[in-house]
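Just the heavy atoms: all of them, side chains too, but no hydrogens, waters or symmetry mates, feed the values below.
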Amino acid sequence: MQNVQHTPTSWDARFFLIAGGFMLINTLCLWARHFSGYQLSILWPAIPAIIGLASSVLGLYKLHPRIVSRAPKLAKWGAGFALAALLALSIGACWVIASAVLGDATRGVGMQALIGLFMVAMVGAFICNALVCLRDSASRTLGTALSVPVVCWSLMLLVGVISGPEVGLSLDFYTNGLLALAFVWASRVIRSDTVA
């Protein structure tokens, strides 16, 4: 990737690597929950997924200085969506902790709105950042890696519309493994650019 601002710590690459690891753990937990005779709580796969997605959004936010010179408006939109996703996730996490202490209030409309905001902002962040990277021949590999989650989520949405939400959501057995690979791939691309 040419004309890129290099950072010595490369936190964007680290966040994507962490995201890939946690999404792999999530996938393994989903398969274990599905195929084991034990009744594993949904928290076992949910916690690594939340950490993995949060880390990927942090990676997108930290990616902004590297790509802003390519398409400034689109890169700013990507950073704004990433920040909105992080804020929604942070508020949601505080809400869950407060609910655990004060009583269960996590099933209300406010929590559903936060989850919806997080999902829309996260997808928006991935779309904007992928488009910025795909526009430049030097960063198309990174753009392709960032497009994988968008394709996976679009497929889940399409199947959910056609066959029902439960069927669409059940694709996470496969798509979350692809997300793990895409995040690790993005980390390697960013890291190799930092070293170069």
Side-chain angles (χ1 to χ4, degrees), residues 1 7 9-64 66-67 78 81-82 85-86 88-90 92-93 96 115 118-130 133-134 139-160 165-195:
M1 296 182 348
T7 55
T9 56
S10 187
W11 273 104
D12 42 4
R14 290 178 188 167
F15 281 130
F16 279 113
L17 186 60
I18 292 166
F22 275 101
M23 291 308 291
L24 179 61
I25 293 168
N26 164 264
T27 304
L28 294 173
C29 288
L30 285 172
W31 282 93
R33 185 172 188 265
H34 182 71
F35 288 110
S36 73
Y38 301 109
Q39 292 294 332
L40 292 175
S41 168
I42 191 65
L43 290 177
W44 283 98
I47 291 171
I50 292 167
I51 295 169
L53 293 174
S55 184
S56 71
V57 174
L58 278 167
L60 289 176
Y61 186 74
K62 295 296 283 182
L63 187 63
H64 178 260
R66 289 179 184 266
I67 63 172
F81 277 127
L86 290 170
L89 187 62
S90 299
V96 168
I115 292 170
F118 170 72
M119 292 170 64
V120 168
M122 179 181 61
V123 172
F126 271 96
I127 289 171
C128 290
N129 282 285
C133 292
L134 287 170
S139 63
R140 282 213 179 101
T141 305
L142 179 58
T144 303
L146 296 179
S147 298
V148 170
V150 176
V151 171
C152 289
W153 295 325
S154 299
L155 177 65
M156 290 174 74
L157 180 63
L158 180 64
V159 170
E166 288 184 14
V167 178
L169 289 173
S170 70
L171 292 179
D172 63 355
F173 285 104
Y174 312 103
T175 58
N176 288 3
L178 290 174
L179 294 182
L181 293 174
F183 294 155
V184 171
W185 183 20
S187 174
R188 289 183 57 87
V189 170
I190 294 168
R191 193 166 300 225
S192 66
D193 176 56
T194 303
V195 171

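Checked by atom type and distance alone, the side chain of S55 pairs as donor or acceptor with a backbone atom of F15 at under 3.5 Å. For the pair S147 (side chain) and G143 (backbone), a donor-acceptor distance under 3.5 Å is present.
Note: L60 CG to N129 CG = 4.5 Å, rounded to the nearest 0.5 Å. Atom CZ of residue R14 and atom CG of residue L58 lie 13.5 Å apart, to the nearest 0.5 angstrom. Separation of atoms CG (D172) and CG (N26) is listed at 7.0 Å; rounding is to 0.5 Å. Once rounded to the nearest 0.5 Å, the distance linking OG1 of T175 with CG of L169 reads 9.5 Å. In this structure, F22 CZ and L17 CG are separated by 11.0 Å, a value rounded to the nearest 0.5 Å. Taking CG of L63 as the reference point, atom OG of S10 lies at 9.5 Å (rounded to 0.5 Å).
Figure legend: R188 and W185 shown without cation-pi pairing, the cationic atom not lying both under 6.0 angstrom from the six-membered ring centre and within 45 degrees of its axis.
Among all heavy-atom pairs drawn from L178 and V148, the shortest one is O-CG1, 4.0 Å. Closest of all the heavy-atom pairs between G177 and T27 is N-OG1, 3.1 Å. S187 and A13 get closest at one heavy-atom pair: OG-O, 2.8 Å. Smallest separation of non-hydrogen atoms from D12 and G59: CB-O, 3.6 Å. Here the closest non-hydrogen pair linking V57 and A85 is CG1-CB, 3.9 Å. The minimum heavy-atom distance between S56 and A19, with the atom names listed, is N-CB, 3.6 Å.
Between F16 and F183, the angle of the ring planes lies from 30° to 60°, which puts this pair in the tilted group.
Counting heavy atoms from C-beta on, the side chains of C133 and L146 come closer than 4.5 Å. Between F118 and L53, the closest side-chain pair of non-hydrogen atoms falls below 4.5 Å. By the 4.5 Å heavy-atom criterion applied to side chains, R66 and I190 are counted as neighbours. In this structure, L171 and V159 have side chains that are in contact, with non-hydrogen atoms separated by less than 4.5 Å.
Within a 6.0 Å sphere centred on OH of Y174, other residues, nucleotides and ligands contribute 12 heavy atoms or fewer.
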